[in-house]
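Contents: one structure, followed by commentary.
For clarity, every value in this text was computed on a predicted model and none was experimentally measured. Chain A is the first sequence line, chain B the second, and so forth, proteins listed ahead of strands; every chain is numbered from 1.
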Amino acid sequence: MKTISSKVVKKFITRSPSLLSSTASLTSIASFNVSNKAFPSSLLDDFAKFCYQRDLPRAMQALELMHTHCIWADCIAYSELIKCCLARRAIQHGKRVHVHLFSNGHVPKTFLINILINMYVKFGLLHDAQDVFEKMPDRNVVSWTTMISAYSAAKLNDKALEFLVLMQREGVRPNMFTYSSVLRACDGLFNLRQLHCCIIKIGLDSDVFVRSALIDVYSRWGQLENALRVFDEMVTGDLVVWSSIIAGLAQNSDGDEALRLFKRMKRAGFLAQQPTLTSVLRACTGHAGLVEEGLYYFHSMKELYGIDPGREHYGCMIDLLGRAGRLSEAVDLINEMECEPDAVTWRALLNACRVHRNVDVAIHAAKQVLRLDPQDAGTYVLLSNIYANSQRWNDVAEVRRAMTTRGIKKEPGCSWIEVCKQIHAFILGDRSHPQISEINIQLNQLIYKLMGVGYVPDTNFVLQDLEGEQMQDSLRYHSEKLAIVFGLMSFPRGQTIRIRKNLRICGDCHLFAKLVAKMEQRIIVIRDPVRYHHFQDGVCSCGDFW
DNA sequence: CCACTGCGTA
């Protein structure tokens, strides 16, 4: 079947757009006769034209005709059509294109199948994408990278990393696109170093995307020295690289350095965008001294950078004011928001209430969180604990009932630590670790030692403990305590103990970690789902606000 | 026949 060259059509369109009256072309389609010899190429002409003109209804009409007569256009026209489906979020049309492309045993080129996979990914239909990927005859680096980036974005990290291995096993070499995607899925405890070595070895570390992703992942896993090293080695950077390191410093509680770099960035001639400003505001939540600076940046965003504050910026400000104990200002801000506050916004306020023990506002905020995110187990537990603390037993029962009806299950607390390239997991109430007896003995000795210097287990964690209803005695079996002790047992003194946790750390464990860091002269880093805690010399980088 | 397209970061 003859296909027209899309380049010709493209040229034609750019030179004389007025000649392409789509109404006229549509009439010609309608009057087509199958026996007409001119029919196929002229139909394909029209199809290509409609695709380039982004005339989705007419392009689809032409496609249906082509489909009936088993003819196919060239792949560039289809790629334009799929772009158009994506832009209009026309899922059904997209699926129709898919059916057509594979009908009657026809197999499109790899290039086109890749576009189709990407279409499903961008529509959020990961299963369809996977299906097309699995059935395609030859997969190239783009096919693999598209799937890897989809998995990374969907937080299916194991899948993303598995695909990185599989593609290489099939002889397909990852490129800078692949690495910048897969880094997002990378677990800082485990394989980041390996990945970074591969990147350097094949010389992809100068790519700005890869560089930003490296900075981001090192920062996310608390390895700020490495993030800074990647940043400092930069010869040519861009806004995103700068934003990444500013975000990294802000995340790791080095607000002053983050702001210094922000100023340097401006001097280097880069204009901040939304994510940059989010990080700048986050940097200001670092300590009390930066509250005014944060307010200044927030209020001058529009004027200095032409950016209207979005949800993230409001969220940061609520966090910042909340942390400073300025709860009523935080409430005012949430009421002033132009965009509807989402669950994250309310959770920021709830968190401030939790730390500053404001029960009334906490209840209101928790209800808002649950209205917007009815699956948030932590907030149910927190709300029920608040009610319990005020002896409001009917309300407690109601929250519990809501949890049961909605099928919400509280995750057990779990902490992970890497020792000798092995990940050890400690789950609350789970005694399956081979050295659990030894760990418990050491833990009890440690608690005893700490009590000698004034440690009192904090059982009043009603407004703090998201792990909820454990009895006083089970405090000592909180997973992070077990992981800390195991870290003490496994590492020499100079080595940082790095722990990852699925739930927010409770007040007692936080105090425990601070005291252990001091007494044992260790640096302990715990990453919870929200932030980092660097324990050193009896203090935590979070300044007791988390 | 060739080259080209399509996949990525804060």
Which nucleotide in [options] has an atom nearest any side-chain atom of [X]:
| X | options | result |
| --- | --- | --- |
| A:I76 | B:dA10, B:dT5, B:dC7 | B:dT5 |
| A:S243 | B:dC7, B:dA10, B:dT9 | B:dA10 |
| A:V142 | B:dA10, B:dT9, B:dC7 | B:dC7 |
| A:F111 | B:dA10, B:dT5, B:dC7 | B:dT5 |
| A:F209 | B:dT9, B:dC7, B:dA10 | B:dT9 |
| A:A247 | B:dG6, B:dT9, B:dA10 | B:dA10 |

Taking atom [atom2] of [N] as reference, at what distance in whole Å does atom [atom1] of [X] sit?
| X | N | atom1 | atom2 | value |
| --- | --- | --- | --- | --- |
| A:L228 | B:dA10 | CG | P | 18 Å |
| A:I148 | B:dC7 | CD1 | C1' | 10 Å |
| A:L183 | B:dC7 | CG | C1' | 15 Å |
| A:N140 | B:dG6 | CG | P | 13 Å |
| A:L86 | B:dT5 | CG | C1' | 15 Å |

_If the condition is salt bridge (Lys or Arg N to Asp or Glu O under 4.0 Å), which residues does A:E312 pass it with, not counting sequence neighbours?_
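In terms of salt bridge (Lys or Arg N to Asp or Glu O under 4.0 Å), with neighbours along the sequence ignored, A:E312 is linked to no residue.
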_A:F102: which of A:H100, A:H98, A:H106 passes ring pair (Phe, Tyr, Trp, His ring centres under 6.0 Å)_ =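 One option only clears the test, and that one is A:H98.
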Does OP1 or OP2 of [N] have a side-chain N or O of [X] closer than 4.0 Å?
| X | N | answer |
| --- | --- | --- |
| A:N118 | B:dG6 | no |
| A:K83 | B:dG6 | yes |
| A:R184 | B:dT9 | yes |

*Taking the side chain as every heavy atom from C-beta outward, state whether A:R184 and A:K155 have any pair of such atoms under 4.5 Å apart.*
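Not touching, per the 4.5 Å side-chain cut-off.
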